[in-house]
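The block underneath contains the structure these notes are about, expressed in structure tokens.
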Protein chains: 2
Amino acid sequence: MNKQKISMISELIAKNELGAVIFFRPDELVMTLGYRPYWGLSVEVCFEGNDPILYVPALEPDLRLPKDITVKRYPWGETSSDPFEILYGMIAEDIKKYGSNSKPISLVKTVGNTSPCILSGEQPPLPTDFVDNLMKVSEAGYKDVEKEILDLYNFKTREDIEGIKLCNKVAGIGIKAFYDSLQAGLTEAEVSAKMEYAVRAEIGNDGVLYASGFAQVQSGINGADGGRFNWVTGKKLEDGDLVMTEFAVVVNGYWADITRTGKVGTPTKEDIRLHEAVKKAQDDALSLVREGAIAEDIHNAAQEALDKEGVGKYFTHGLGHGVGFRYHDPGIRIAKGNKEALKEGMVITIEPGIYDSSFGGIRIEENVLVTKNGCEILSKFTRELKGD
Amino acid sequence: MNKQKISMISELIAKNELGAVIFFRPDELVMTLGYRPYWGLSVEVCFEGNDPILYVPALEPDLRLPKDITVKRYPWGETSSDPFEILYGMIAEDIKKYGSNSKPISLVKTVGNTSPCILSGEQPPLPTDFVDNLMKVSEAGYKDVEKEILDLYNFKTREDIEGIKLCNKVAGIGIKAFYDSLQAGLTEAEVSAKMEYAVRAEIGNDGVLYASGFAQVQSGINGADGGRFNWVTGKKLEDGDLVMTEFAVVVNGYWADITRTGKVGTPTKEDIRLHEAVKKAQDDALSLVREGAIAEDIHNAAQEALDKEGVGKYFTHGLGHGVGFRYHDPGIRIAKGNKEALKEGMVITIEPGIYDSSFGGIRIEENVLVTKNGCEILSKFTRELKGD
């Protein structure tokens, strides 16, 4: 249980005069309990002052359930009658007991828009009326404080940061596999497969209970699409290709989102000029990151650095976003027009990139922790074209 | 576009006096168009008699969009104003033009409960009021025909079967990697990583546009949990372990769901007895599969075969389910108490399994196509303990 986050939720409940706040999306459970559900069918109910209660399906693995919280099982997978009806009843009763039945509950209503559960080949088999039913577990109904709940993603506690650091460490092993694979003749898919292999094989090492990588690889002309989407094909790497990887990694429920660009063969002068321009844009942006910095100023610093090198027109997306509980957290966006100020404890990406059919795609993406006077780079591995 | 499926939807629209049926979940788009969305933000609207229209976000890859259907783009990723408002407006207008605005629309309401989109590290960033808004695109509102829509998953057309066969072919390459990895000293995670590698590296070969594997591996005592959940840990395989893999594979949007059990070292007499019992249960069940067979009869045949060998009490789950558009399709369940009859064109799993701490877990899972007079096994690779 993440005590600091749970106490923030308790304050949110008091301030909004709620009976309880309900979480069920996999990333919400990571954020509040450090627990990534297996089936994606677990529900957490938070109260003002009292400890939260976690409801899990009967088939949920016992291992790795959070240990410092009341866990109740409902008979999903074990009964032919409707296990969800039983679940709603259990929650309604506990809200009466530990929260307040005369105040409304709140929750984020979407079932999608989340990180996947561990069984990530499929999203949770939640019934279509699941959210409708949760909205009725208090007699006082539902109150919308969605924005405040989503704001919780912006702040990372000490435990969260530890989890994100471990994830970045594992991501670094995948990035090493990327640089080691920049050989003419391998396909983009093979490079992706080697990166994902490196991450997956880490399970069991140094506190890594669960790990998956999602590697996209675009080489040569395919990189020109990299500002719109990231992809992987059977194209073979050719000598002279720039190769860009977009790499999402999840370890124990915490996420990293890394991009690197490498070169097959010897970089040309023009490769080096373009790559240095992107590095400079990243450095200029990073030099501004600290508590109180305005999001759009950071974006604009990167834009200006790219403009100076004459490649600003190839930078077609926002500079960054929150990361850690998801591949892309809800909350802060580092983008043109956003006048929000950064806060200590945010973890954000800084990812300038340029894309054109004349050279392909070049993006470098770091994950950084915002501190009072600056930032800490969590993705501390090489960003050079040749990986050293 | 899957013409046979589209014509079934047209009939469903006529029969229920609907203005249109709307699909947006990734597996729905595979089922009706053979198209797996990249961002998970694509919406398809089907009308009576007229061809469907597909709405995709501006950033959707052009490559691999379905070619024989009208595709319209809405400005997601390209505008600072709300792109979804624009999308709802476009749909409302087209329903007036090609469907009927005086009849209600229908759709499956859950955003989750679906296969992932290609960007599978994260589920689609759909707004929380997405479904609510889709329900209002016709002036006549919404009508619930969810059961009939979900029934569409039960029938696989010729194109679907081709897609599922290709997926099974790729899954077989992963299963070969499984058998090749049954060596003492490798971790469960490394076996999983090798299987997932084998699938991923197939991209670009023989019509494989996109492929991912999700391999769970349970060895020795860990297999005893295999009837409740499948998992992967850092445990090393040991000589004498039975090793069970649960393997989901997606190729171009179509799914296979395979289980095999292998042995590290030489199988004992008891291993062979137990494994033969599971094979016999599978064969007895398969011998009944055909158009018109009753689901629970097939389940019971497997149960009886296991009972005869004295291991029936270790069989703790249903025998099978629909598969192909998802890892577990909605629709038919091959389970105790289900008196539904199989239909030609269904693709189902047949997966007897036994689990106990005395031996671990043994399950064998095939994917089969139901035909008029029997079935065709799509997962035609070895099911033997030593892989040959």
Side-chain angles (χ1 to χ4, degrees), chain A residues 38-40 58-61 77 80 108-116 118-130 146 187-190 192-194 196-198 200-205 208-211 214 225 228-235 248 250 255 317 326-328 337, chain B residues 38-40 59-61 77 80 108-116 118-130 146 187-190 192-194 196-205 208-211 214 225 228-235 248 250 255 317 326-328 337:
Chain A
Y38 177 82
W39 289 104
L59 300 192
E60 190 77 358
S80 53
V108 174
K109 288 200 280 182
T110 183
V111 174
N113 207 1
T114 179
S115 73
I118 288 180
L119 189 72
S120 63
E122 193 162 45
Q123 285 310 294
L126 293 167
T128 53
D129 57 359
F130 180 71
E146 183 173 297
T187 65
E188 291 175 353
E190 285 169 327
S192 161
K194 283 173 192 284
E196 295 182 357
Y197 179 95
R200 191 86 174 143
E202 281 300 299
I203 294 173
N205 289 342
V208 179
L209 301 175
Y210 206 82
F214 302 81
D225 290 325
R228 289 177 56 219
F229 54 80
N230 302 112
W231 196 272
V232 57
T233 77
K235 175 186 171 301
V250 56
W255 289 79
H317 51 71
R326 274 169 50 181
Y327 186 2
H328 302 84
Chain B
Y38 178 82
W39 290 103
L59 301 191
E60 190 76 359
S80 51
V108 175
K109 288 201 279 181
T110 184
V111 173
N113 207 0
T114 178
S115 72
I118 289 182
L119 189 72
S120 62
E122 194 164 45
Q123 285 308 296
L126 292 167
T128 53
D129 57 359
F130 180 71
E146 184 173 295
T187 65
E188 290 175 354
E190 285 168 330
S192 159
K194 283 173 193 284
E196 295 182 357
Y197 179 95
V199 165
R200 191 85 173 143
E202 281 300 299
I203 296 173
N205 289 342
V208 180
L209 301 173
Y210 206 80
F214 302 82
D225 290 325
R228 290 177 56 218
F229 52 81
N230 302 111
W231 194 274
V232 58
T233 76
K235 174 183 173 303
V250 55
W255 289 78
H317 52 70
R326 273 167 55 180
Y327 186 0
H328 303 84

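Order of the sequence lines fixes the chain letters, A, B, ..., with proteins taken first and strands second; residue numbering starts at 1 for each chain. Every value quoted in this text rests on a predicted model; they were computed, and no experiment measured them.
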I'd like to know if the side chain of A/Y38 and the backbone of B/N230 have a donor-acceptor N/O pair within less than 3.5 Å.
yes
Quick one: does B/R228's side chain have a donor or acceptor within less than 3.5 Å of a partner on A/A58's backbone?
yes
Quick one: what part of B/E146 sits under 4.5 Å from any heavy atom of chain A, side chain, backbone, both or neither?
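B/E146 touches chain A through side-chain heavy atoms alone.
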At a heavy-atom separation under 4.5 Å, does B/L119 approach chain A through its side chain, its backbone, both, or neither?
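Side chain only.
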Hey, which of [options] has the most heavy atom pairs under 4.5 Å with chain B?
options: A/F130, A/F229, A/Y210, A/F214; answer: A/F229
options: A/P127, A/A248, A/S192, A/G337; answer: A/S192
options: A/E196, A/K109, A/E190; answer: A/E196
options: A/P116, A/S115, A/G40; answer: A/P116

Which atoms form the tightest heavy-atom contact between [X] and [Y], and what is the distance?
X: A/W231; Y: B/P61; answer: CZ3-CG, 3.2 Å
X: A/A189; Y: B/R200; answer: CB-O, 3.5 Å
X: A/A201; Y: B/A193; answer: N-CB, 4.1 Å
X: A/I203; Y: B/V232; answer: CD1-CG1, 3.9 Å

Heavy-atom pair count under 4.5 Å with chain A, highest-scoring of B/E188, B/K235, B/E60
B/E60
Mind checking the NE2-CG spacing from A/H317 to B/L59? Nearest 0.5 Å is all I need.
10.5 Å
